[in-house]
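Below is one structure, written out as structure tokens, with a few remarks after it.
Residue numbers count from 1 along this sequence. Please read all numbers here as calculations on a predicted model, not as lab measurements.
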Amino acid sequence: MSTKKEQVDKLITHIIQGIEEVKGNQIDIIDLREIDNTVCDYFIVCSGNSNTQVDAIESSVRKSVSKALQDKPWHVEGLENSQWVLMDYVDVVVHIFQNQTREYYDIESLWGDAKITSIESNY
């Protein structure tokens, strides 16, 4: 039986794979575990260049996690306009932004006390 940390690590790995599969960019992992009163352990934040790419990232993440872990998001919102799509996997919340929306909300700076790890894209 795997521990919660191992399960969360696998979830993060498959979320990142789903994002990278459709060339999502500017991927940041925000570790919230050391911050009091947070709703989850991690935020994963990424960007897409258009509504179509944001939708494709959401779909790819959903498929990647479902195929590998037989898991699905507890809740998804923002698909109506695809400016900012949020996928809630309970311990990990994925934020998929269009570039200008991400710049406007700048959620990384709101969690300045958290450890942020940036994932380098290979494309």
Side-chain angles (χ1 to χ4, degrees):
M1 179 170 240
S2 61
T3 65
K4 177 184 173 188
K5 180 177 180 350
E6 290 170 338
Q7 292 172 339
V8 170
D9 287 348
K10 287 178 187 175
L11 177 60
I12 290 170
T13 296
H14 291 289
I15 289 169
I16 300 297
Q17 285 176 352
I19 294 168
E20 289 179 331
E21 194 166 293
V22 290
K23 297 188 176 11
N25 55 59
Q26 298 175 333
I27 304 168
D28 289 332
I29 301 170
I30 304 174
D31 185 344
L32 303 171
R33 292 174 299 173
E34 301 295 320
I35 298 180
D36 294 334
N37 302 318
T38 57
V39 296
C40 64
D41 292 341
Y42 295 93
F43 281 166
I44 296 179
V45 183
C46 69
S47 299
N49 298 317
S50 65
N51 304 33
T52 305
Q53 188 179 21
V54 168
D55 288 343
I57 294 168
E58 185 274 337
S59 178
S60 181
V61 167
R62 186 185 298 262
K63 287 176 188 169
S64 178
V65 171
S66 177
K67 184 176 179 182
L69 306 175
Q70 290 73 51
D71 197 3
K72 61 182 180 180
W74 178 72
H75 184 73
V76 176
E77 46 183 89
L79 291 172
E80 304 79 33
N81 63 15
S82 299
Q83 295 287 317
W84 176 1
V85 173
L86 180 142
M87 303 177 75
D88 186 349
Y89 282 96
V90 182
D91 292 319
V92 179
V93 175
V94 183
H95 298 271
I96 308 165
F97 286 99
Q98 284 196 40
N99 292 319
Q100 69 276 11
T101 306
R102 183 173 181 173
E103 289 173 20
Y104 180 80
Y105 287 102
D106 192 20
I107 66 171
E108 289 92 341
S109 70
L110 296 175
W111 299 98
D113 294 345
K115 179 183 176 211
I116 299 176
T117 304
S118 296
I119 306 296
E120 294 298 319
S121 300
N122 295 325
Y123 40 84

Check against side-chain contact (heavy atoms from CB on, under 4.5 Å), L69 and Q7
CA-CA 9 Å; L69 306 175; Q7 292 172 339; over 6 Å; no

Got [X] and [Y] here, is their nearest side-chain heavy-atom distance under 4.5 Å?
X: V39; Y: D88; result: no
X: N49; Y: N25; result: yes
X: N99; Y: Q26; result: yes
X: Q98; Y: Q53; result: no

Worksheet item: Which class fits the ring pair H95 and W84: parallel under 30°, tilted 30 to 60°, perpendicular over 60°?
Response: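 Geometry flag for W84 against H95: tilted rings.
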
**Pairs where residues 61-70 contributes a residue and the test side chain to side chain donor-acceptor pair (under 3.5 Å) is met, not counting sequence neighbours** =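 Only E58-R62 qualify under side chain to side chain donor-acceptor pair (under 3.5 Å).
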
From the list V76, I44, I15, side-chain contact (heavy atoms from CB on, under 4.5 Å) partner of V61 resolves to I15

Passing option when Y42 is tested against I30, V8, D91 for side-chain contact (heavy atoms from CB on, under 4.5 Å):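 For Y42, the side-chain contact (heavy atoms from CB on, under 4.5 Å) check succeeds only for V8.
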
Hey, quick one: are I19 and L11 part of the same hydrophobic cluster, counting side-chain heavy atoms closer than 4.5 Å, chains of contacts allowed?
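Yes; tracing contacts between hydrophobic side chains, which count when under 4.5 Å, links both residues.
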
Going by side-chain hydrogen bond (donor to acceptor under 3.5 Å, both in side chains), name the residues that satisfy it together with D9, two or more places apart in sequence or in a different chain.
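Listed in chain order: K5.
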
Trace of the salt bridge (Lys or Arg N to Asp or Glu O under 4.0 Å) decision for K10 with D71
CA-CA 11 Å; K10 287 178 187 175; D71 197 3; over 6 Å; no

Would you find a donor on one side and an acceptor on the other, under 3.5 Å apart, between the side chain of N51 and the backbone of N81? yes

